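Working notes, structure below.
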2 protein chains.
Amino acid sequence: MRADAQRNRDRIVEVARVVFRERGYDASLDDIAKKAGVGPGTLYRHFPTRDALLDAVMQAWVDGVTETTDKALTFEGPAREFLIGWFEAYVALISMHKGGPAKLTSAMGDEQSPISHKTRVLVAATQRVVDHLQARGALREDVEALQMCRMVGGVAVIADQSDLSADEVRPMLAVLADGMLRPTGG
Amino acid sequence: MRADAQRNRDRIVEVARVVFRERGYDASLDDIAKKAGVGPGTLYRHFPTRDALLDAVMQAWVDGVTETTDKALTFEGPAREFLIGWFEAYVALISMHKGGPAKLTSAMGDEQSPISHKTRVLVAATQRVVDHLQARGALREDVEALQMCRMVGGVAVIADQSDLSADEVRPMLAVLADGMLRPTGG
DNA sequence: CAACCATACGGAGAGTGTCTCCGTTTAGCA
DNA sequence: TGCTAAACGGAGACACTCTCCGTATGGTTG
């Protein structure tokens with residue numbers, strides 16, 4: 001790629017990252033192009049669709065997922081707290097942008113989606129959590145990572161769209177955890 | 001209202017019902033006007049916003065909610081089956097149109113929303129189910145109707161957006177039920 | 001039944017966003 | 001320095017939303 005092209009591409013992604021966060025995923029692309037100091041043609045050549053641009057914007061974010069999971073897996077306490085903690089981290093991860101939870105969660109399991117790579121990273125991270133808990137015998141056997149992603153994603157979507165606070169979200173995540181963990185007889 | 005105005009209004013709502021179901025809530029309003037054989041001005045006079053039209057389309061639907069709840073409450077079996085059955089009915093109710101679950105669930109708890117009346121009907125219906133179960137001592141005490149609506153709504157949103165089948169949705173609803181019901185020690 | 005007018009109609013058009021085409025410019029190389 | 005493939009960017013076609021206002025008409029009154 002020519003140096004000027006690379007420069008423009010980087011500028012567009014940087015501007016898009018800010019605009020998407022401030023205005024949501026339906027911000028005007030021509031506007032992003034203008035803010036980045038390029039013509040709309042340039043933006044659309046680099047990113048033929050809105051999702052292609054979104055994909056680029058999310059790239060840096062993907063690395064954070066693995067990191068967060070690594071850290072979560074070091075937790076030593078009770079399974080319930082561990083799982084709820086992970087759920088909260090997961091919700092925070094996919095709620096980086098307004099509309100992000102819906103975008104990511106509805107693309108989950110769809111191989112055709114332009115951001116399917118991003119969702120695979122999320123499912124893979126969740127799979128590690130599932131394996132960890134199942135090795136300890138704490139999780140019901142029929143719980144799958146994809147299902148877990150969808151359910152926590154569902155809560156995140158509602159929280160995102162209704163502007164719920166962490167205090168309103170936590171009890172819902174607790175319900176999910178209780179529904180997925182093996183009953184302890186308490 | 002003049003007779004011709006009433007006729008036009010009815011035609012618009014009827015067409016909108018079909019178009020919303022087939023194409024989702026972001027269908028072109030000018031297109032709906034054209035299909036109804038009126039000018040865009042006429043449509044916008046009757047329904048100043050998209051949500052106003054949506055509200056009219058949903059009017060008939062509201063009656064079905066109370067009816068469904070009445071029927072559900074007659075169920076005599078175990079609490080878990082009752083609750084899962086209600087969840088399935090609820091998901092079906094709010095999934096009448098593509099995009100419906102998201103629309104309804106994210107408006108829930110927001111008094112300003114143009115469809116807040118519709119969401120109140122749903123929460124009230126769910127409240128009856130909660131009361132019923134709590135009278136039997138089957139539900140955890142901290143479970144609230146609004147929270148229940150949001151969580152089941154979250155699952156419905158994902159199911160709607162990812163085109164999940166009933167077989168994929170049921171296990172998720174079972175997780176919710178297990179997380180909300182009082183542990184039975186089994 | 002004729003005349004009137006408040007009510008309703010509907011289309012032209014302004015504003016905004018998406019996306020493409022193509023003439024112009026320029027980076028990188030020989 | 002000159003060449004050319006690569007990249008630029010803006011004009012403009014197309015789509016959707018929503019409004020304004022001249023025109024048509026339902027319903028009422030004398």
Side-chain angles (χ1 to χ4, degrees), chain A residues 1-58 97-100 102-103 106-107 112-115, chain B residues 1-58 97-100 102-103 106-107 112-115:
Chain A
M1 186 181 305
R2 243 168 64 172
D4 55 340
Q6 184 67 54
R7 251 192 327 269
N8 278 328
R9 192 180 187 288
D10 293 347
R11 293 261 299 288
I12 291 169
V13 172
E14 189 47 42
V15 168
R17 192 196 315 280
V18 174
V19 173
F20 280 156
R21 171 137 50 205
E22 286 174 359
R23 300 235 262 269
Y25 286 150
D26 48 359
S28 159
L29 296 187
D30 277 26
D31 185 50
I32 289 175
K34 190 184 291 179
K35 278 193 170 61
V38 302
T42 301
L43 186 148
Y44 281 95
R45 190 160 358 83
H46 285 296
F47 309 103
T49 66
R50 181 180 292 273
D51 276 333
L53 176 55
L54 190 54
D55 192 70
V57 165
M58 284 179 166
H97 301 91
K98 186 92 185 158
K103 199 83 193 173
S106 65
Q112 312 302 322
S113 166
I115 57 169
Chain B
M1 187 182 305
R2 245 167 61 174
D4 55 341
Q6 184 67 55
R7 251 193 326 270
N8 278 327
R9 192 181 188 287
D10 292 347
R11 293 260 300 287
I12 291 168
V13 172
E14 189 45 45
V15 168
R17 193 195 315 280
V18 174
V19 173
F20 280 156
R21 171 140 48 209
E22 285 174 359
R23 300 235 261 270
Y25 287 150
D26 48 359
S28 160
L29 296 188
D30 277 25
D31 185 51
I32 289 175
K34 190 184 291 179
K35 279 193 169 62
V38 302
T42 300
L43 185 148
Y44 281 95
R45 192 163 354 85
H46 285 296
F47 309 102
T49 65
R50 180 179 295 273
D51 277 331
L53 176 55
L54 190 55
D55 193 69
V57 165
M58 284 180 167
H97 303 91
K98 186 94 185 156
K103 197 84 193 172
S106 65
Q112 312 304 322
S113 165
I115 57 170

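For clarity, every value in this text was computed on a predicted model and none was experimentally measured. So you know, we letter chains A, B, ... as the sequences are listed, proteins then strands, and number each from 1.
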Quiz item: What is the distance from atom CZ of A/R7 to atom CD1 of A/I12, rounded to the nearest 0.5 Å?
Solution: 12.5 Å
Grab the N/O contacts between the protein and nucleotides 1-3 of chain C below 3.5 Å, and write none if there aren't any.
none

Exercise. Considering only NZ, NE, NH1 and NH2 on the basic side and carboxylate oxygens on the acidic side, decide whether B/R11 and B/E14 come within less than 4.0 Å.
Key: no
Quiz item: Does any pair with a residue in residues 35-56 of chain B pass salt bridge (charged side-chain N to carboxylate O under 4.0 Å, His left out), and if so which ones, sequence neighbours excluded?
Solution: B/D31-B/K35, B/D51-B/K103, B/D55-B/K118
Are any protein N/O atoms closer than 3.5 Å to N/O atoms in nucleotides 28-30 of chain C? If there are, list each pair with its distance.
| unit_1 | atom_1 | unit_2 | atom_2 | d |
| --- | --- | --- | --- | --- |
| C/dG28 | OP1 | A/A3 | N | 2.9 |

Quiz prompt | Separation between NZ of B/K34 and CG of B/L29, rounded to the nearest 0.5 Å | solution = 13.0 Å
Quiz item: What does nucleotides 17-23 of chain D look like as a protein-contact string, B for base, S for sugar-phosphate only, - for none, at under 4.0 angstrom between heavy atoms?
Solution: BBB----
Quiz prompt | Heavy-atom check, side chain of B/D30 versus side chain of B/Y44, under 4.5 Å | solution = yes
Practice problem: Taking all non-hydrogen atoms of both residues into account, name the closest pair between A/S106 and A/A102 and its distance. | Solution: OG-O, 2.8 Å
Quiz item: If only side-chain N and O atoms of B/H46 are considered, is one of them under 4.0 Å from the OP1 or OP2 phosphate oxygen of C/dC9?
Solution: yes
Quiz item: Taking only residues two or more places apart in sequence, or in another chain, which ones meet A/Q6 in a side-chain hydrogen bond (donor to acceptor under 3.5 Å, both in side chains)?
Solution: A/D10
Quiz item: CG of A/D4 to CZ of A/R9: how many Å apart, nearest 0.5 Å?
Solution: 14.0 Å
Quiz item: CG of B/L43 versus P of D/dC16: gap in Å, rounded?
Solution: 14 Å
Exercise. Calculate the interatomic distance between B/R7 atom CZ and D/dG26 atom P; express it in whole Å.
Key: 7 Å
Practice problem: Examine C/dG10: is either OP1 or OP2 under 4.0 Å from a nitrogen or oxygen in the side chain of B/T42? Give yes or no. | Solution: yes
Self-check item: B/R2 CZ to B/N8 CG distance, which is reported to the nearest 0.5 Å
Solution: 10.0 Å
Quiz item: Please give, in whole Å, the distance from C/dG17 P to A/L53 CG?
Solution: 16 Å
Quiz item: Given atom CZ of B/R11 and atom P of C/dC9, what is their separation to the nearest angstrom?
Solution: 11 Å
Self-check item: Which residues share a ring pair (Phe, Tyr, Trp, His ring centres under 6.0 Å) with A/Y25, sequence neighbours left out
Solution: A/F20, A/H97
Quiz item: Whole Å only: how far is the NZ atom of A/K34 from the P atom of C/dT18?
Solution: 12 Å
Quiz prompt | A/N8 side chain near D/dC8 phosphate (N/O to OP1/OP2, under 4.0 Å) | solution = yes
Quiz item: About how many Å separate CZ of A/R17 and CG of A/L54, when rounded to the nearest 0.5 Å?
Solution: 11.5 Å
Quiz item: Within this structure, what is the CZ-to-C1' distance between A/F47 and C/dT18, rounded to whole angstrom?
Solution: 17 Å
Quiz item: Rounded to the nearest Å, what distance is computed from the CZ atom of residue B/R9 to the C1' atom of nucleotide D/dG26?
Solution: 19 Å
